[in-house]
A.B. asks: 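Pasting a structure below so you can have a look.
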Amino acid sequence: MIRAVVPLVLAALLAACGGGDPTPAASPAAITNTPAGTQRRTLPVTIESHGRRHTFRAEVAETAAQQAQGLMFRTDLQPDDAMLFAPYPAGGGAPRVAEFWMKDTPLSLDIVFIRADHSIAAIAQSTTPLSEAKVSSGEPVAAVLELVGGRTAALGIGVGDRVSW
């Protein structure tokens with residue numbers, strides 16, 4: 001009986017010390033290359049609306065430089081591609097009113113403004129490509145999600161829906 005217990009105890013000790021399976025656990029986050037040749041972390045972002053859930057594959061814009069670049073010059077977005085600006089503002093801090101523009105962005109986007117409690121505060125639907133007009137959240141937000149223009153309407157996503165990542 002001792003012979004049967006010893007391997008189990010050793011396996012438990014190795015796992016607790018990190019010496020177990022050398023294959024890391026699968027993580028929902030990944031790294032992707034952008035057209036500009038930089039790497040950006042990606043992760044699933046899910047919006048729950050009217051009892052339905054829709055998951056997008058979002059590149060994460062975490063730094064001030066990444067947030068300034070956003071989706072400028074991109075022409076290759078698929079319907080479930082997205083960009084998550086989190087935290088917003090870059091570096092953290094208290095939520096604040098977000099102002100975006102479409103300068104150098106040739107695709108129409110839906111800009112989803114997200115409160116600190118992960119509810120949607122506002123949506124700028126089907127923004128005008130290449131416009132320098134400011135698009136405002138209208139209230140302080142903690143994150144922003146950009147989707148392909150028209151996706152929120154097509155999926156029935158609206159103010160008050162919940163976003164998780």
Side-chain angles (χ1 to χ4, degrees), residues 26-165:
S27 169
I31 302 294
T32 189
N33 289 314
T34 67
T38 59
Q39 289 189 337
R40 192 167 289 149
R41 183 169 65 103
T42 61
L43 55 83
V45 174
T46 302
I47 299 177
E48 187 169 339
S49 178
H50 307 290
R52 294 185 313 269
R53 297 168 57 95
H54 192 85
T55 301
F56 298 91
R57 182 177 163 269
E59 295 177 28
V60 182
E62 300 168 287
T63 67
Q66 289 172 336
Q67 290 187 4
Q69 177 72 32
L71 289 172
M72 287 182 177
F73 309 108
R74 298 290 288 275
T75 59
D76 62 341
L77 295 182
Q78 299 302 307
D80 289 333
D81 288 344
M83 178 166 283
L84 177 66
F85 296 74
Y88 185 86
R96 69 173 194 204
V97 173
E99 290 188 332
F100 280 58
W101 65 355
M102 296 296 294
K103 183 180 188 312
D104 298 322
T105 307
L107 299 175
S108 178
L109 300 174
D110 286 353
I111 304 175
V112 180
F113 298 101
I114 306 164
R115 297 180 184 106
D117 70 357
H118 286 237
S119 65
I120 296 176
I123 302 172
Q125 294 185 333
S126 299
T127 56
T128 304
L130 307 172
S131 172
E132 293 187 25
K134 290 182 181 176
V135 178
S136 177
S137 61
E139 68 178 79
V141 295
V144 179
L145 182 67
E146 292 182 337
L147 307 172
V148 172
R151 289 299 279 159
T152 57
L155 296 170
I157 294 169
V159 171
D161 289 346
R162 307 287 303 168
V163 185
S164 61
W165 60 89

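It should be emphasised that the depicted structure is a prediction, and the values quoted were computed from it without experimental measurement. Residues: numbered from 1 along the sequence shown.
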A.B. asks: Once side chain to side chain donor-acceptor pair (under 3.5 Å) is applied, what residue pairs with a partner in residues 131-150 remain, sequence neighbours excluded?
C.D. replies: R115-E139
A.B. asks: Under the criterion side-chain contact (heavy atoms from CB on, under 4.5 Å), which of V144, V159, I123 is the partner of F113?
C.D. replies: V144
A.B. asks: Kindly list each side-chain donor-acceptor pair under 3.5 angstrom involving residues 79-102, sequence neighbours excluded, with atom names and distances?
C.D. replies:
residue: D80; atom: OD1; partner: H54; partner atom: NE2; Å: 2.7
residue: D80; atom: OD1; partner: R151; partner atom: NH2; Å: 2.7
residue: D81; atom: OD2; partner: Q78; partner atom: N; Å: 2.8

A.B. asks: Distance check, rounded to the nearest 0.5 Å: E59 atom CD versus Q69 atom CD?
C.D. replies: 10.5 Å
A.B. asks: Spell out, as yes or no, whether a donor-acceptor pair under 3.5 Å connects the side chain of T55 to the backbone of V45.
C.D. replies: no
A.B. asks: Output all residues satisfying side-chain hydrogen bond (donor to acceptor under 3.5 Å, both in side chains) with T152, sequence neighbours left out; order by chain, then residue number.
C.D. replies: D110, Q125
A.B. asks: Can you give me the closest heavy-atom contact between E62 and Q67, atom names plus distance?
C.D. replies: O-NE2, 3.9 Å
A.B. asks: Going from CD1 on I120 to CD1 on I114, what distance comes out if it is rounded to the nearest 0.5 angstrom?
C.D. replies: 6.5 Å
A.B. asks: How far apart are the closest heavy atoms of A142 and A116, and which atoms are they?
C.D. replies: CB-CA, 3.7 Å
A.B. asks: Determine, step by step, whether L155 and F56 satisfy the side chain to side chain contact (heavy atoms under 4.5 Å, CB included) criterion, reporting the C-alpha distance in whole Å, the side-chain angles of both residues, the deciding distance to 0.1 Å, and the verdict.
C.D. replies: CA-CA 12 Å; L155 296 170; F56 298 91; 3.7 Å; yes
A.B. asks: Looking at G150 and S126, what are the two nearest heavy atoms and their distance?
C.D. replies: N-OG, 3.4 Å
A.B. asks: Rounded to the nearest 0.5 Å, how far does CG of D117 lie from CZ of R162?
C.D. replies: 5.0 Å
A.B. asks: Taking ring pair (Phe, Tyr, Trp, His ring centres under 6.0 Å) as the cut-off, I'd like each qualifying pair that reaches into residues 132-165, sequence neighbours left out, listed once.
C.D. replies: H118-W165
A.B. asks: Test of understanding: with side chain to side chain contact (heavy atoms under 4.5 Å, CB included), list the residues that count as partners of L107, not counting sequence neighbours.
C.D. replies: L77
A.B. asks: Please report the shortest heavy-atom distance between S108 and P129, naming the atom on each side.
C.D. replies: N-CG, 3.6 Å
A.B. asks: Using the test side-chain hydrogen bond (donor to acceptor under 3.5 Å, both in side chains), find all partners of S49 that sit at least two apart in sequence or belong to another chain.
C.D. replies: D161
A.B. asks: Starting at CG of L71, measure out to OG1 of T105 and round the result to the nearest 0.5 Å.
C.D. replies: 7.0 Å
